Structures are given as structure tokens and as C-alpha cells.
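Since we're looking at a predicted model, the values are computed, not measured. Letters go in sequence order (proteins before strands), and every chain restarts at 1.
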Amino acid sequence: MKIASWNVNSLNVRLPHLEEWLRLRAPDVVALQETKLEDSRFPDSVLAGLGYRSVFSGQKTYNGVAILSRTPATDVQIGIPGFADEQKRVIAATVDGVRIVDLYVVNGQDIGTEKYDYKLRWLDAVHGWLAQEIQAHPELIVLGDFNIAPDDRDVHDPKVWNDDSILTSTAERAALRRLADLGLHDSFRLHNEEGGHFSWWDYRAAGFRRNLGLRIDFALISDALRPRCVGAVIDREPRSWDRPSDHAPVWVELAPR
DNA sequence: ATGGTTGCAGAGCAA
């Protein structure tokens, strides 16, 4: 079972990329972020033609998340329970007995801004929710664009991306560790300890060509799924295509039960 | 190199 995540940075622009990539990699489940589409405009019939069902929660211009799956998604949850939020950043569902949580974590703009405070409050709410969710659904995978690089191996230049930078600040990394401490393991790091593997490259300054990136997209798997985890991949290929998203898709491969 | 690019929307913000 191949479970993927991709920040497409506008599904309107990236639908051809997604279609091509679905044919190429044939994932079983895909969590999308930054669809930037109202629900009435979601291309569910196009995706159905490729064999995927869709559940989604979007808005115009910003944010927007979706879960695509080959088998039906059940028990769909939109947003963080008990956390009122206009921004469409969270969708969860159960597919083939695995609870899937798709997150588009707040970017945070800069340390000390209102958006940064919102990021930390939002992450705190996610932590409280997931603590419950992992009890209710031991087979849990939490994936998406986390907008946090866990450690120095996950940034191209630790001098630039330091304790005082957005995406790598002490408080952000601590918030990510608190999620890990729930028993949610970074699947990529179960299979690869090297630095220099990134999932996002700035459009500016030829970031991708020079591999000036960050690893900020993950699939976190619970203890119960860990024995089934046989691989984790960052797929750089679509980042090399014409007019790409700034993020690469990532996925985790689970062996059959 | 405090710039650079992309998306949305139609100027300037968010990332």
C-alpha cells in the first residue's frame, strides 16, 4: 500500500502534473495540500476517470486539502475538532483500515508575527487531537506539508536555516518533536539517515537546480504501522517537469497485513 | 545578492 503526500501549489495549475504522476507511480492514497480550490471546483470527476475517489476541503486562493484513494474513504473529518479555523488545512479519513491525517501546516511567515503565533497554537491543537486520534486509531499515518525542517540534515545551509529562522526555529522543531513523541515516526528517517534529501525548493534563485532545499514534507507512521513500513521515498521527478509545484511528492510503502 | 519566482487576481500579498 503506497500512501503519498504532495503539496501541489494550486490543483488548477497542477492537475495535468497530478494526472501524469498518478499514472506513473500508481499510489493507493494521495494526500494533497494547497489545492487552492473551492469544493465546487474540485476536479473529482477527472480523478475518478483515473480510478481515484476524492474527499476534499478547500477554499479560494489559499490552503485546501484533499485525500484521493483507490478504495472508498470513510469517517471523513474536516478541520481539527474543537479548533475553530477559517483556513482549510486539515482532512482525515480511514482507507483500508488505516487512519489517514492530511495536514497543511501553517507557514508562519516570520518569528514574532501573528502568523507565527497562529502556527504554534495550531500545532498545539493538532497535538491534542492526534493524542486522541492515535488511541482511537492505532494504525495512524499523519502526512503532509509540515513547514518545519526537523534538523540540520534537512536544510541545505544550517547557517541560514537556524534557531532564529522560520521553518527551523527552536519552538517549531519542539512542536514537531512533540508530535513524534506521540509515537509518530518520520518514515523517511526509518530508511535513510543522510542529509541533503529535500522535498521543497524555492522557485527563486534556481533552488532546485542547485539543490538548495528543505525537507519539510513527511509521512509520520504510528508504532502499529512501523513493522509494515518497507520504504519511504521523496520523488524528485515531478519537480523537474515544466511549470512544477515547488514541492516534491513523498510516499511511504506499507507491506500487506 | 534583503534579491529572486510563482499563484491568485487583477495590486500586492503569501509562500
> Which of parallel (below 30°), tilted (30 to 60°) and perpendicular (above 60°) describes His156(A) and Phe198(A)?
Replying inline: perpendicular

Whole-Å distance, Trp161(A) CH2 to dA15(B) C1', equals 10 Å

Taking for Arg243(A) and for His247(A) the nucleotide of DNA chain B with the nearest heavy atom, the one nearer the 5' end belongs to Arg243(A)

Can you check whether Arg204(A) has a side-chain N or O nearer than 4.0 Å to OP1 or OP2 of dA15(B)? no

Taken to the nearest whole Å, CH2/Trp200(A) to P/dG4(B) is 16 Å

Discussion item. I'd like the C1' distance from dA11(B) over to dT6(B), given in whole Å.
Written reply: 16 Å

Taken to the nearest whole Å, CG/Asp246(A) to P/dT6(B) is 10 Å

- Query: Between Glu193(A) and Arg153(A), does at least one N-O distance fall below 4.0 Å, as a salt bridge requires?
  - Reply: yes

Note to self: Using atom C1' in both nucleotides, what's the gap between dA15(B) and dG3(B) to the nearest angstrom?
What the structure shows: 16 Å

Between NZ of Lys60(A) and P of dC13(B) the distance, given in whole Å, is 19 Å

Under a 4.0 Å heavy-atom cutoff, the residues of residues 118-127 of chain A touching DNA chain B are none

- Under a 4.0 Å N-O cut-off, is there an ion pair linking Asp124(A) with Lys119(A)? no

Closest of dA15(B), dT5(B), dC8(B) to the Tyr203(A) side chain is dT5(B)

When rounded to whole Å, the CD to P distance for the pair Gln59(A) and dA9(B) reads 11 Å

Judged by modelled atom types alone, do Ser169(A) and Glu172(A) share a side-chain donor-acceptor pair under 3.5 Å?
yes

Side chains of His127(A) and Arg178(A): any donor to acceptor distance under 3.5 Å? yes

**Message:** Show, in sequence, the C-alpha distance, side-chain angles and deciding distance for Gln77(A) and Trp129(A), and conclude whether the side chain to side chain contact (heavy atoms under 4.5 Å, CB included) test is met.
**Reply:** CA-CA 12 Å; Gln77(A) 162 74 39; Trp129(A) 171 45; 4.0 Å; yes

If only side-chain N and O atoms count, and only distance matters, is there a donor-acceptor pair under 3.5 Å linking Asn63(A) with Glu34(A)? no

Review point. Parallel, tilted or perpendicular: which describes the rings of Phe83(A) and Tyr118(A), with under 30° parallel and over 60° perpendicular?
Key: parallel

Problem set entry | Pairwise P distance for dG10(B) and dT5(B), with rounding to whole Å | 23 Å

Would you tell me if any nitrogen or oxygen in the side chain of Ser10(A) comes within less than 4.0 Å of OP1 or OP2 on dT6(B)? no

To the nearest angstrom, the CZ-C1' distance between Arg209(A) and dT5(B) comes to 14 Å

On DNA chain B, more 5' by nearest nucleotide between Ala206(A) and Tyr62(A) is Ala206(A)

To the nearest angstrom, the CD-P distance between Gln33(A) and dA14(B) comes to 21 Å

Rounded to whole Å, the CD-C1' distance (Glu38(A) to dC8(B)) equals 13 Å

Would you say Thr61(A) places a side-chain N or O within less than 4.0 Å of OP1 or OP2 belonging to dA9(B)?
yes

Euclidean distance for P, dA14(B) against dA9(B) (whole angstrom): 14 Å

Handout entry: Presence of Gln109(A) side-chain N/O under 4.0 Å of dA15(B) phosphate oxygens OP1/OP2
Key = no

